[in-house]
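Keep in mind that this is a model prediction, so the values were computed, not measured.
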Amino acid sequence: MIKLDNVHKAFGGKKVLRGVTLEVPQGESMVIIGGSGTGKSVTLKCILGLVEPDAGTIVVAGQRMGRGDREAFLSRFGMLFQGAALFDSLPVWQNVAFRLLRGHQKRPHSEARAIAIEKLRRVGLGPETADLFPAELSGGMQKRVGLARAIAADPSIIFFDEPTTGLDPIMAGVINDLIREIVVEMGATAITITHDMSSVRAIADDVAMLHDGVIKWTGTVGEMDGCDDPYVQQFIHGRAEGPIETLR
Amino acid sequence: MNAAILTRPLAALGRPVLAGLGALGRVVLYTLAVVSHLVRPPFYFREFARALLSIGWLSLPVVGLTAVFTGGALALQIYAGGSRFSAESVVPAIVAIGMVRELGPVLGALMVAARVASSIAAEIGTMKVTEQIDALVTLSTDPLKYLATPRVLAATLSLPVLVAVGDAIGIMGGWLVGTSRLGFNSSVYLTNTADFLEPWDVTSGLLKGAVFGFIIALMGCYHGMNSGRGAQGVGKATKQAVVMASVLILASNYLLTEIFFSA
């Protein structure tokens, strides 16, 4: 479904991706773990075309990234951003129905609103939130609205960028459960990037460890705890000592 | 060693020149992209209407206040200057011509630049920092078309209207001072104003307004879209938008005056 082959990306002199090779089968939930600045977000942005790779190929559902109709390519994606990235100037329901109010997937106003309210209900928010503005919502509610927006047009691929960052443990658990339920229910292919090991265990079918711009290890979530990869072991146990250098 | 002594100053000179040319090239490409989107669907009417309200309607108070005080001050200055060679009677004509040809468009545009270019740059810069621009792309929406095109069109269309309103208020400011402070007869003042003004005086000012509006919104959008990270990045983008818009307004005013009025 999603295949990255030897993807490189540098910003100025800083090489962020040094040959990422990764395959995510259709309907699987892949979680990419790794420390800050290892290239997790850049990997997602390369797949979406927000950042152009310097080298390597990315193929999504048989279509090579950067070729063909860009709007059609992007229409299969939904994304939950780290800070939710809701549009401040639009009420909640218009944020959720953004894709349904314009472009190829445009629907009548009333139908788009009805879908938005249904998606809000799916993420545990009542219709009374539909006409509020993002600034009137708590962080957890904003994440839920971001999640509702990500699934509004029933995408076949969903990306989650640090879905639990900045949330309390209970709200993080709620968001993790929601993500897992939605991915299973929709049969979508999902890629999540996170530092949060509780997210990994709740969301992942497969796990990939990204370090220093390359994938160090991939396997199922069940294999993760028993694997002998020193990078994975240091990361999942949060050890200061190990092959991943830390600043102290 | 000798070669380094020779090349170092050249390199020091060349780096800012190349950086400046690069920046100019990026602005030109951005301008061409915005213009090309003006004539290519889809067009976001709701965003356009919102921009029209924010840029046009909400700028009326600042443009009106600027114009009324400028017109009044102009009347006092021309009266004082004219009295040196017994030409006090030219006050209505010079106030009118000065306002519609130069001060109305330029001062109005500078005030709108301060209000609108900063606001656009801060809004779009914040959207960039908070990944809202990336979110637009993932939602199959071109940020340039969605954010820049409606604002640039709204500013280009609304500035001439603001200039026309500013012209009228500025002339009224001159009339107010002329009749209340300088002893002009009200109907004579207005008749002189109408007699001396030519349609091209007004039209040229409105055309200037359209160009200034384009510059204001373009600079706001460009610097917002290229904002650096964090609060400092947005602050810098906002400052650059206002400074560049103001300088380009003054430079293009000179150029347009040459084109419109040189013999």
Q: What I want to check is whether the side chains of B:T141 and A:R102 have a donor and an acceptor closer together than 3.5 Å.
A: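 There is no such pair (donor and acceptor under 3.5 Å, judged by atom type) between the side chains of B:T141 and A:R102.
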Q: How long is the straight-line distance from CZ of B:R46 back to OG of A:S89, given to the nearest 0.5 Å?
A: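 The CZ atom of B:R46 is 11.0 Å from OG of A:S89, to the nearest 0.5 Å.
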Q: Roughly how far, to the nearest 0.5 Å, is the CG atom of A:L44 from the CG atom of B:D134?
A: 11.0 Å
Q: Tell me, yes or no, whether the heavy-atom count around A:Q26 atom CD, taken from other residues, nucleotides or ligands under 6.0 Å, exceeds 12.
A: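 Open: at most 12 neighbouring heavy atoms sit under 6.0 Å from CD of A:Q26.
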Q: Which region of A:Q105, side chain (C-beta onward) or backbone (N, CA, C, O), has a non-hydrogen atom less than 4.5 Å from a non-hydrogen atom of chain B, or is it both or neither?
A: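 Neither part, no heavy atoms under 4.5 Å.
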Q: Measure B:T138 against the heavy atoms of chain A and call it side chain, backbone, both or neither at under 4.5 Å.
A: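 For B:T138, backbone and side chain are both near chain A.
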Q: Which heavy atom of B:S140 sits nearest to which heavy atom of A:L74, and what is that distance?
A: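 Residues B:S140 and A:L74, closest heavy atoms: OG-CB, 3.6 Å.
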Q: Mind running side chain to side chain contact (heavy atoms under 4.5 Å, CB included) on A:M79 and B:L139 for me, showing each step along the way?
A: CA-CA 9 Å; A:M79 176 146 180; B:L139 292 164; over 6 Å; no
Q: Report which part of A:F98 has an atom under 4.5 Å of a heavy atom belonging to chain B: side chain, backbone, both, or neither.
A: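 The answer is the side chain of A:F98.
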Q: Side chain from CB out, backbone as N, CA, C, O: work out which of these in A:D161 comes under 4.5 Å of a heavy atom of chain B, or both, or neither.
A: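 Side chain only.
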Q: Counting only heavy atoms from other residues, nucleotides and ligands, does the tally under 6.0 Å from CZ of A:F11 exceed 12?
A: yes
Q: Is there any residue in residues 225-246 of chain B with a non-hydrogen atom under 4.5 Å from a non-hydrogen atom of chain A, and which ones are they?
A: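 When heavy atoms of chain A are the reference, residues 225-246 of chain B contributes no residue within the under-4.5 Å range.
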Q: Work out which heavy atom in A:G83 is nearest to a heavy atom in B:E131; give both atom names and the distance.
A: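 Closest pair (atom of A:G83, atom of B:E131, distance): N-OE1, 4.4 Å.
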Q: Heavy-atom distance under 4.5 Å to chain A: side chain of B:I133, backbone, both or neither?
A: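 Looking at B:I133, nothing touches chain A.
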Q: Picking from A:H104, A:R99, A:K45, which has the most non-hydrogen pairs under 4.5 angstrom with chain B?
A: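 Ranked by heavy-atom pairs under 4.5 Å with chain B, first place is A:R99.
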Q: Mind listing the closest non-hydrogen atom pair of B:R50 and A:L90 along with its distance?
A: NH2-CD2, 3.7 Å
Q: Could you check whether atom CZ of B:R40 has more than 12 heavy atoms from other residues, nucleotides or ligands sitting under 6.0 Å from it?
A: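 Count over threshold, so yes.
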Q: Has B:F69 got more than 12 heavy atoms of other residues, nucleotides or ligands less than 6.0 Å from its CZ?
A: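 Incorrect, the count does not exceed 12.
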Q: Please examine the side chains of B:Q132 and A:F81, heavy atoms only from C-beta on, and report whether any two atoms are closer than 4.5 Å.
A: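 No, every pair of side-chain atoms sits at 4.5 Å or beyond.
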